[in-house]
Participant: 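Take this structure first; my questions come after.
Positions are given from 1, in the same order as the sequence printed here. All values derive from a computational prediction rather than experimental measurement.
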Amino acid sequence: MAQKINHIPKRLDSLVRERYASAIAEGALLFSESVVSSQREQGVDFEVRYVPALAKRPSSKPSEKQARGDFVNPFLPFDPRLHVARIGSTHQLLLNKYCVAPNHLLITTSEFKQQGEPLTMLDFAAVLDTVSNLSQAHIVFYNSGEESGASQPHKHLQLLPMPDTMSSPPSVSIWLRSTCKVGQVCSSSDLPFANFGCRLESAAALSPTDLHTSYSAALQRLVATYGDSVSYNMVLTPLALVLFPRLRGSWQGVSVNSLGMAGLVLCKSTKEMDLVKGSGALGILSQVGFPPESANQPIHSPKC
């Protein structure tokens, strides 16, 4: 049974909007302006977002931040101006301090857990409790490992409202073309990088157990292929849960996290924009993921 979100006086949509507006007004949340363009590949529109402010942000991997003597965990304690709700006794719902799209949410563990630890039933219960109280579909994602695009060592998932122009993120839309049936772990040969995913039942019928089972089955395939120290991204939508193992965190300056692997690519310079345009979004993602043929080794597939 999923936990219930505590202390939400209204629908979560209204609460998120109110917190977002007040956090902006108080200077607790830093929104970066961006220019969005689309790039059509394999019949799907990929989102390429130019965010010049990203060039000014220091970037480092979680282990590097944690090793610094002056490291301050932004989630423990969290900034109360960014706090949206408590999710049971195990998680908090926060606004992302640095966002390029409005109402970007974080689900953090109330106690310190290491980013990169496998997701648990309680993590998925927190996800379902949150998305079930939001009227708009969201992309839920998790960056795991040093090459995944993760930036904070404290365990957290992220939620971004699904862009109005999409029913699924581009890479997931391509993955959904596969003949994968509910209950199977599948790899799509249409994507030029390794992937392991599960098609989901109707979102309204999903339970934390269902999601955890699908995630664990896909993760078991990924670990059996690449080892338990490999970085990966998880992307969860109402229709699918897909894992993308990561070979590297960036290519020629273009940093890629879960959103990037999903097909929403961030660029911090016009040079990077030109690179994405010239190489294609899928071309960039194929450089930071593993070759697709490596995901098709004959391994016993657990059920989702």
Participant: Please check: side-chain N/O of Gln42 versus main-chain N/O of Asp190, any donor-acceptor pairing under 3.5 Å?
Facilitator: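 Yes, the answer is positive, given that a donor and an acceptor are paired below the 3.5 Å cut-off.
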
Participant: Between Asp45 and Arg40, is there a salt bridge with N-O shorter than 4.0 Å?
Facilitator: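 So Arg40 pairs with Asp45 through a salt bridge.
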
Participant: Walk me through whether Lys155 and Leu119 qualify under side chain to side chain contact (heavy atoms under 4.5 Å, CB included).
Facilitator: CA-CA 9 Å; Lys155 191 179 189 184; Leu119 295 171; 3.9 Å; yes

Participant: Below 6.0 angstrom between ring centroids: does that apply to Phe244 and Tyr232?
Facilitator: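 They do not qualify: ring centres at least 6.0 Å apart.
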
Participant: Where do Leu160 and Leu259 land on the side chain to side chain contact (heavy atoms under 4.5 Å, CB included) test, with the steps shown first?
Facilitator: CA-CA 9 Å; Leu160 195 72; Leu259 274 185; 3.7 Å; yes

Participant: Could you pull out all residues at least two apart from Tyr98 that satisfy ring-ring contact (aromatic ring centres under 6.0 Å, His included)?
Facilitator: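 Per chain and number, Tyr98 pairs via ring-ring contact (aromatic ring centres under 6.0 Å, His included) with no residue.
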
Participant: Determine the interplanar angle of the Tyr20 and Phe31 rings, folded into 0 to 90°, and report it as parallel if under 30°, tilted if 30 to 60°, perpendicular if over 60°.
Facilitator: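 Geometry flag for Phe31 against Tyr20: perpendicular rings.
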
Participant: Do the side chain of Arg199 and the main chain of Ser178 share a donor and acceptor less than 3.5 angstrom apart?
Facilitator: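 Indeed, once roles are kept as given, a pair shorter than 3.5 Å links the two residues.
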
Participant: Determine, using the 4.5 Å side-chain heavy-atom cutoff (strictly less than), whether Leu54 and Met273 are members of one ILVMFWY cluster.
Facilitator: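 In one cluster: no.
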
Participant: Do Ser187 and Asn195 have a side chain donor and acceptor closer than 3.5 Å?
Facilitator: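 Their side chains do not contain a donor-acceptor pair, so the 3.5 Å distance test is not met.
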
Participant: Donor-acceptor pair, distance only, cut-off 3.5 Å: does the side chain of Gln115 make one with the backbone of Ala150?
Facilitator: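 No.
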
Participant: Hey, is the main chain of Val235 close enough, under 3.5 Å, to the side chain of Ser258 for a donor-acceptor pair?
Facilitator: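 Not at all, since once roles are kept as given, no pair shorter than 3.5 Å links the two residues.
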
Participant: Can you give me the closest heavy-atom contact between His138 and Pro238, atom names plus distance?
Facilitator: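 Minimum heavy-atom contact is O-CD, 4.2 Å.
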
Participant: Main chain of Gly145, side chain of Ser148: is a donor-acceptor contact present, judged purely on distance under 3.5 Å?
Facilitator: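 Between the backbone of Gly145 and the side chain of Ser148 there is a qualifying donor-acceptor contact (under 3.5 Å).
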
Participant: Can you name the ring-ring contact (aromatic ring centres under 6.0 Å, His included) partners of Phe46, sequence neighbours left out?
Facilitator: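 Scan of Phe46 (ring-ring contact (aromatic ring centres under 6.0 Å, His included), adjacent residues dropped) gives none.
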
Participant: Is the CD atom of Glu117 crowded by more than 12 outside heavy atoms at less than 6.0 Å?
Facilitator: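 Yes.
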
Participant: Side-chain heavy atoms under 4.5 angstrom apart, residues restricted to Ile, Leu, Val, Met, Phe, Trp, Tyr: same cluster for Val242 and Leu159?
Facilitator: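 They do not share one cluster, since no chain of ILVMFWY contacts under 4.5 Å joins Val242 to Leu159.
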
Participant: What do the steps show when you test Cys180 against Cys198 for disulfide (SG to SG under 2.5 Å), and what is the final call?
Facilitator: CA-CA 7 Å; Cys180 189; Cys198 296; over 6 Å; no

Participant: Between the main-chain N or O of Trp251 and the side-chain N or O of Arg248, is there a donor-acceptor pair closer than 3.5 Å?
Facilitator: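 Such a contact is absent between Arg248 side chain and Trp251 backbone.
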
Participant: For Thr120 and His212, which I'm curious about, is there any donor-acceptor pair between the side chains at under 3.5 Å?
Facilitator: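 Side chains of Thr120 and His212: no pair found under 3.5 Å.
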
Participant: Name the residue from Phe193, Phe196, Tyr226 that meets the ring pair (Phe, Tyr, Trp, His ring centres under 6.0 Å) definition with Phe290.
Facilitator: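 For Phe290, the ring pair (Phe, Tyr, Trp, His ring centres under 6.0 Å) check succeeds only for Tyr226.
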
Participant: Does the ring centre of Tyr215 sit less than 6.0 Å away from the ring centre of Phe124?
Facilitator: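 Close enough - the centres of the two rings lie under 6.0 Å apart.
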
Participant: If you take all heavy atoms of Leu264 and Pro163, which pair is closest and at what distance?
Facilitator: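 Looks like CD2-CG, 3.9 Å.
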
Participant: Could you pull out the closest heavy-atom pair between Tyr142 and His156, with the gap in Å?
Facilitator: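 Scanning both residues, the minimum pair turns out to be CD1-O, 3.3 Å.
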
Participant: Would you tell me whether Ser207 and Asp210 have side-chain atoms, one donor and one acceptor, within less than 3.5 Å of each other?
Facilitator: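 Yes, a side-chain donor-acceptor pair sits under 3.5 Å.
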
Participant: Evaluate the side chain to side chain contact (heavy atoms under 4.5 Å, CB included) criterion for residues Thr213 and Cys304: first the C-alpha distance (whole Å), next the side-chain angles of each, then the deciding distance (0.1 Å), finally the verdict.
Facilitator: CA-CA 6 Å; Thr213 298; Cys304 289; 5.6 Å; no

Participant: Would you please test His91 and Asp123 for side chain to side chain donor-acceptor pair (under 3.5 Å) and show each step?
Facilitator: CA-CA 8 Å; His91 292 79; Asp123 294 325; 2.7 Å; yes

Participant: What are the two closest non-hydrogen atoms of Leu191 and Leu282, and how far apart are they?
Facilitator: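 Here Leu191 and Leu282 meet closest at CD2-CD2, 4.3 Å.
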
Participant: Provide the closest heavy-atom pair for Ser250 versus Ser255 in the form atom of the first, atom of the second, distance.
Facilitator: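 Here Ser250 and Ser255 meet closest at CB-CA, 3.7 Å.
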
Participant: In terms of heavy-atom contacts, does NZ of Lys97 have more than 12 from other residues, nucleotides or ligands at under 6.0 Å?
Facilitator: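 Atom NZ in Lys97 is packed in, count exceeds 12.
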
Participant: Ignoring hydrogens and geometry beyond distance, is a side-chain donor-acceptor pair present between Asn103 and Arg17 at under 3.5 Å?
Facilitator: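 No.
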
Participant: Locate the shortest heavy-atom distance separating Glu147 from Leu247; write the atom from each residue and the value.
Facilitator: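 Looks like CG-O, 4.3 Å.
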
Participant: So does Glu272 get a backbone contact from the side chain of Ser269, meaning a donor-acceptor N/O pair under 3.5 Å?
Facilitator: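 Yes.
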
Participant: Do any N or O atoms from the side chain of His154 and from the backbone of Gln152 form a donor-acceptor pair under 3.5 angstrom?
Facilitator: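 Judged by distance alone, no pair lies under 3.5 Å.
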
Participant: Would you check if the side chain of Asp13 reaches a backbone N or O of Ser135 as a donor-acceptor pair within less than 3.5 Å?
Facilitator: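 Flag set: sc Asp13 to bb Ser135 pair under 3.5 Å.
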
Participant: Donor-acceptor pair, Ser286 side chain versus Gly283 backbone, under 3.5 Å?
Facilitator: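 Pair found, side chain donor or acceptor close to backbone of Gly283.
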
Participant: If the threshold is 4.0 Å, N to carboxylate O, is there a salt bridge linking Glu47 and Arg49?
Facilitator: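 So Glu47 pairs with Arg49 through a salt bridge.
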
